[in-house]
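Order of the sequence lines sets the chain letters (A, B, ...), proteins ahead of strands, with each chain counted from 1. Just so you know, these numbers come straight off a predicted model, no measurement behind them. The basis for the numbers below is simple: all heavy atoms, side chains too, and nothing from hydrogens, waters or symmetry mates.
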Protein chains: 2
Amino acid sequence: MGRSVPAVMRALDILELFGTKEELSIPEIHAQLGFPRTSVHELVGTLVERSYLTPVPGQPHRFRLGVGAFHLGAAYAERMDLTREGQTVAAEVAAACDETVHVAVLDGSSVVYVAKADSTHPVRMVSAVGRRLPAHCTAVGLMLLAALEDNRLDELFPIGRNLPALTERSIASPEQLRTRLARIRGRGIAEEFCESNEAVACVAAPVADRSGRIVAAMSISVPTMRWSRKRAGELAELVAQGAVSLSTRLGHRG
Amino acid sequence: MGRSVPAVMRALDILELFGTKEELSIPEIHAQLGFPRTSVHELVGTLVERSYLTPVPGQPHRFRLGVGAFHLGAAYAERMDLTREGQTVAAEVAAACDETVHVAVLDGSSVVYVAKADSTHPVRMVSAVGRRLPAHCTAVGLMLLAALEDNRLDELFPIGRNLPALTERSIASPEQLRTRLARIRGRGIAEEFCESNEAVACVAAPVADRSGRIVAAMSISVPTMRWSRKRAGELAELVAQGAVSLSTRLGHRG
DNA sequence: GAATGTCGTTCGAAATACCGAACACTCCGG
DNA sequence: CCGGAGTGTTCGGTATTTCGAACGACATTC
């Protein structure tokens, strides 16, 4: 796939650092990433010039993400039917079950949430949306991984390397992951109990686009206190309907 | 401000190209930006590797914005109190007047919308948000420009160079802009009639943060058919209240 | 107030990323 | 079936960028 451009890689590393820390100074970036001091100066200077970073008002040597970043993100969201339609359908499903609903896509071995609806806060737009989580710890992630070919899975989760965990119950080994995915493929629904969060369970269903490819997954998250075998079945049904509805809006014909 | 890093500049140029065109191939990017063919290959390869671009499914040589872009934008939105609170207050104001409400910030000589509420479509989240318009053509833009120091204005709009227009009524010359801004400073409210759009008028008020700096502006847009001297006064009052409410949420004390 | 450490900024030699040339492949029209 | 245009891919010399060293500004400590 050609060679990669180191300067761009570094610039993106810097930008992505601001996904974890709100404000950073140049020495801090230097310490975190290990790039030469002067190079960090030049890179940050360039990013500021293009307003992907901005000095925080009153402290000209500390930086934050700038509107440039927002502009790009919004352009993506506007293009993607998925974010528009996903938001609408998520809100419907959230209203029907009174629980939190997410829509997410796969990026490498992590999931990125692109839409969210919470029954009690109907317009909770920019909260967790955009956040990244390890795919193998979430129901949406498992659903999306189940749709991949085996050789792609081997690339992402090579046998032998064990996986980062979010809770005690998170899937720990590639072998475990594979047997789990097999079961999910059989059922067409992914379920997860306290694997991404101590107190939350989750059901997810696959979303397909015009071409029939699985491009996203939709999930319902429930605090364990409201979770039961019976409820799980109802919610699975509901999220499956939601996923079909969203697929249809994306041009998929059943 | 140090030197800038050409490779990063080019990478950003490429990304921003996707703000105008939804899908692009490498030859198209080459034609648009004039960078050497092989360089475009390397840059795009790098951006794809980091998932700021993705090949469109089925057409491995055409590209779209990827989730990486979205991730960054969402991180910005999440950090900025302005986007969160702005969305909430905009919705309130929209409900009160039954018109479209925007919140925008200044980036160079353009404005970027960071929140929007439309009375008829309460959750219209990712529509025009993130879009960029020339500041001197919009009410929000004029309001924000009015808050700048004169020397900054001289940099952005040097005397003699005339300005791009969106409609026949758009401000055309720097001189005109300056007299207009003086009037806006006097009143504390910006008004605009068919200067950004043939059929729309607009009132805007300034939003300040904790430190008292003007960081954004809020506007109400009205189709000219519903516009009148009397209504303008009412809406100006309303948007001023909204702006104060938002300022307060950002920690500004009156 | 001298001494020490941190950090922003400048500058030029050394390293390396960039880009042109050449090749390979696909798609068309003849 | 052939030829040409358009595009993806490879590779190496050289123009460019990178990064260390040096300096100055500022803060902090003794």
Side-chain angles (χ1 to χ4, degrees), chain A residues 1-18 20-66 68 151-152 155 211, chain B residues 1-18 20-66 68 151-152 155 211:
Chain A
M1 254 259 189
R3 318 179 209 184
S4 62
V5 182
V8 175
M9 289 294 231
R10 289 176 162 191
L12 297 177
D13 283 333
I14 291 178
L15 282 176
E16 286 170 12
L17 239 200
F18 284 86
T20 42
K21 303 264 191 293
E22 170 149 4
E23 282 181 29
L24 289 165
S25 68
I26 287 177
E28 283 163 0
I29 297 172
H30 166 66
Q32 287 277 328
L33 298 176
F35 305 151
R37 222 159 52 96
T38 43
S39 304
V40 176
H41 267 274
E42 293 172 341
L43 289 166
V44 169
T46 307
L47 292 171
V48 168
E49 194 178 337
R50 299 295 290 259
S51 75
Y52 285 76
L53 295 178
T54 347
V56 346
Q59 288 175 284
H61 294 300
R62 298 186 64 76
F63 303 90
R64 288 192 191 157
L65 283 178
N151 56 358
R152 182 78 182 119
E155 282 172 40
S211 71
Chain B
M1 255 261 189
R3 320 178 204 184
S4 62
V5 182
V8 174
M9 289 294 230
R10 289 177 162 190
L12 296 178
D13 283 333
I14 291 178
L15 282 176
E16 286 169 12
L17 238 199
F18 284 87
T20 41
K21 303 265 192 293
E22 170 150 4
E23 280 182 29
L24 290 165
S25 69
I26 287 177
E28 282 163 0
I29 297 172
H30 166 65
Q32 287 278 328
L33 299 176
F35 306 152
R37 220 160 52 95
T38 45
S39 305
V40 176
H41 267 274
E42 292 174 340
L43 289 166
V44 169
T46 307
L47 292 172
V48 169
E49 193 178 338
R50 296 296 220 101
S51 73
Y52 285 75
L53 294 179
T54 347
V56 348
Q59 287 175 284
H61 295 298
R62 297 187 66 76
F63 303 90
R64 287 191 191 158
L65 282 178
N151 56 358
R152 180 81 182 117
E155 283 172 39
S211 71

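- Note that CG of Leu12(A) is 5.0 Å distant from OH of Tyr52(B), once rounded to the nearest 0.5 Å.
- His30(B) contributes a side-chain N or O that, together with a main-chain N or O of Phe35(B), makes up a donor-acceptor pair within less than 3.5 Å.
- Atom pair Ile29(A):CD1 and dC7(C):C1' shows a separation of 14 Å (rounding to whole Å applied).
- Distance CD (Glu42(B)) to P (dT7(D)): 19 Å, rounded to an integer number of Å.
- Rounded to a whole Å, the CD1 atom of Ile26(B) is 15 Å from the C1' atom of dT10(D).
- Protein atom NE2 of His61(A) is 14 Å distant from nucleotide atom P of dA25(D), rounded to whole Å.
- At least one side-chain heavy atom of Phe63(B) sits less than 4.5 Å from a side-chain heavy atom of Ile26(B).
- Comparing dG20(D), dG8(C), dT10(D) by their nearest atom to the side chain of Thr38(A) picks out dG20(D).
- The separation between His41(A) atom NE2 and dA25(D) atom C1' is 13 Å, rounded to whole Å.
- Rounded to an integer number of Å, the gap from NE2 of His30(A) to C1' of dC19(D) is 12 Å.
- Using a 4.0 Å cut-off, no side-chain N or O of Arg10(A) falls inside it from OP1 or OP2 of dA17(C).
- Along DNA chain C, the nucleotide closest to Ser25(A) and the one closest to Val5(A) are compared, and the more 5′ of them pairs with Ser25(A).
- The interatomic distance linking Leu24(A) (CG) with dC7(C) (C1') rounds to 16 Å, in whole Å.
- The nucleotide whose nearest atom lies closest to any side-chain atom of Arg3(B) is, among dT18(D), dT9(D), dC19(C), dT18(D).
- Between the Glu28(A) side chain and the Ser25(A) main chain, a donor and an acceptor come within less than 3.5 Å of each other.
- Atom CG in Leu43(A) sits about 13 Å away from atom P in dT17(D), given to the nearest Å.
- At least one side-chain nitrogen or oxygen of Ser39(A) sits closer than 4.0 Å to the OP1 or OP2 atom of dC19(D).
- No donor-acceptor distance shorter than 3.5 angstrom exists from the side chain of Arg3(A) to the backbone of Glu42(B), with no hydrogens or angles considered.
- You'll find that the side chain of Pro6(B) is closest to dT17(D), out of dG12(C), dT17(D), dG20(D).
- Nearest nucleotide to the Arg37(A) side chain, out of dA22(D), dG20(C), dT18(D): dA22(D).
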